[in-house]
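Numbering starts at 1 and runs along the sequence shown.
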Amino acid sequence: MTAVGQERAHSTADALRADDKKDAPANKDGGPVGAVASWVDERTGSAKGISYLMKKVFPDHWSFMLGEIAMYSLIILLISGTFLTFWFVPSMGETTYTGSYVPLKGVQMSEAFASTVHISMDVKGGLLIRQIHHWSALIFVVSIALHMFRVFFTGAFRKPREINWIIGLLLAMLAMVEGFIGYSLPDDLLSGTGIRAMQGFILSIPVIGTYVSYLLFGGGFPGQDIIPRFFTIHVLLLPAALIGLFTAHIILVMVHKHTQYPGPGRTNKNVVGFPMMPVYAAKAGGFFFVVFGVTALIAGLVSINPIWMYGPYEPTMITAGSQPDWYMGFADGALRLLPGFLEFNLFHRTWSFNIMIGAILMIPILWTVMGVYPFIEKWVTGDNEEHHLLDRPRNRPTRTGLGMAAITFYGILFAACGNDIIAIKFDLSIDDITETFRVALIVAPIVVFWVVKRLCLSLQRADRDLLLHGRETGRLMRTGKGRFFEVHQELDAYQRWRLVDFVSPEPMGLPPATDEHGVRRKGARKERLRARVSHYFFKDRIEPVTPLELAAAHHDGHATEAIESHPDEAESGHIHGGAEEIGASHAYGHPAPHDKQD
């Protein structure tokens, strides 16, 4: 550039910056908002914590929204529940209905039922809020369940998140209890049937069942105290516990940093995503209104729990075909499947284990098994490292199979909850249906485990084949010798990363039972048990593709897997042949006959 050109360029740049403000800002403290923020920080020291929170990075993946849906549903529950408490009367006192719903006029009922009908029929927006409250409760429980599935199948429960896994389990269990109690508060015929069943479950507890029932109901069933006590538990005790556990859950997420899926640049020491401000806060805020809007839309279009059709609860009446909400259905299904011989007389007492096991012990047993699983897997693998990268479910076939077997077990119990409805609708024998469910409860989880595990291994082999050979393009090429090959498109580095960034643990070897002197070693039995369990978990495994294997797959070796394309065809990928190319190192390959062991 000439001197004249340079001078003209400088003058043009100076002209563009002629209007720049060079004076210091008048409000150095950020104006009124900054003054308030400084005042608060000087007295609470909150600036550092808020700054850390605003800079917190969150990864971006659709499955992480499941936990957010649970959080937003809890907020909707708190808001709608507060609205309902303004008119709900938690009393078993008798009254005569005089409201606007004509079919119930002059009917004797409890004040709890009358106030609920009043909210539904006479309070503006009352029915909509009731239904928003009920639907958000169902969405809250189902989103927690789906969030737990995501955590389990991706291994997000591993160190250092074992405590957070247990907190999540407690949240799920308390949400179920909270839902059942809230469902019982209107004192209608359907919920009253559920309370009556609950009282029978409590009575099945050996020795102390009667005392627990009298303590809860304030005497014989139904008494006058159950609804007021349920109301206190529902609006005070359980919400406080849920909010406390949820707060602890979120704090631990902040402390441990968020998990993320494997990908380029993602390690156990960083988080790739968006900061809280402004990106994630805007997305999360918008998503809250999406969840609220969808919940309100469902509540406005789909009726749920129309108590005016059931009528008030009468101990002498029962609702035909009554079923619990879906999240309590598995316990009711267990009641229907347990054999009658579990009830017997001993020491002049009747022991009703056919009721107690399904209604009282089922939830603690299942939740205990889920709570100890992270520690069992850690013991089996001997892995004491911190994990912030998630697993692909296919890369942990045994864990994925166990999870799907557990879901199948739950699903059969849930289906058995409606064995009477199935028998009526399909004109089948209820005894045959019950026996079928009993057999399926044992056989189906085993079959599902085996099928899912084999599917995961097959998907791993497909990934390995994709890495080594590339994508099939459907283009055929002919060589000078007349042979035909299909052109395969090699994966790029970003696609390869996701498929190779995992570790496939090896099963532990079986340690000797004795030392060099022939004396049985201390802890030998425990080590052999651990080795057997490790063999069960990891005997079927597919190694991730190594860089050496990947390099060999694109060069002509003695175990030919690929033929270099002509330089003019480099952009099209690699040319692969037919069955003659598949060797022992191929994902679907088999060892040569002379390599097989007897």
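- Between Y410 and F414, the angle of the ring planes stays under 30°, which puts this pair in the parallel group of the 30/60° scheme.
- With no hydrogens or angles considered, no side-chain donor-acceptor pair links S191 and Y310 at under 3.5 Å.
- R471 places no side-chain N or O within donor-acceptor distance of the main-chain N or O of L491, the cut-off being under 3.5 Å.
- A 6.0 Å sphere centred on OH of Y373 holds more than 12 heavy atoms belonging to other residues, nucleotides or ligands.
- No close placement of the F58 and F274 rings is indicated, their centers lying 6.0 Å or farther apart.
- With a 6.0 Å cutoff to the six-membered ring centre and a 45° limit on the axis angle, K453 does not count as a cation-pi contact of F538.
- Using modelled atom types, one finds no donor on one side chain facing an acceptor on the other under 3.5 Å when comparing H388 with N268.
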Check residues 442-452 and write down every donor-acceptor pair under 3.5 Å in which the side-chain atom is one partner and the other belongs to a residue at least two apart or another chain.
none

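- In this structure, the side chain of E549 engages the main chain of T546 through a donor-acceptor pair within 3.5 Å.
- Side-chain atoms of W497 come within 3.5 Å of backbone N or O of G263 as a donor-acceptor pair.
- Atom CE of M254 has more than 12 neighbouring heavy atoms from other residues, nucleotides or ligands inside a 6.0 Å radius.
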(request) Walk me through it: do H234 and E178 pass the test side chain to side chain donor-acceptor pair (under 3.5 Å)? (result) CA-CA 6 Å; H234 183 71; E178 175 79 334; 3.3 Å; yes
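- In this structure a side-chain-to-backbone donor-acceptor pair under 3.5 Å is missing from R336 to G333.
- The aromatic ring centroids of H147 and F64 lie 6.0 Å or more from each other.
- Panel note: side chain S534, backbone R530; no donor-acceptor pair is recorded below 3.5 Å.
- With hydrogens and angles left out, the side-chain atoms of D383 and H387 include a donor and acceptor closer than 3.5 Å.
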(message) Please determine whether side chain to side chain donor-acceptor pair (under 3.5 Å) holds for the pair Y261 and T154, giving the CA-CA distance in whole Å, both sets of side-chain angles, and the decisive distance to 0.1 Å.
(response) CA-CA 9 Å; Y261 287 92; T154 60; 5.0 Å; no
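- Relative ring orientation between F288 and Y72 is described as perpendicular, the plane-to-plane angle rising above 60° on a 0-90° scale split at 30° and 60°.
- For the side chain to side chain contact (heavy atoms under 4.5 Å, CB included) test, residues two or more places apart in sequence or in another chain that qualify with A70 are F140, S143, I144.
- Ion pairing between K159 and E385 fails under the 4.0 Å rule for side-chain N and carboxylate O.
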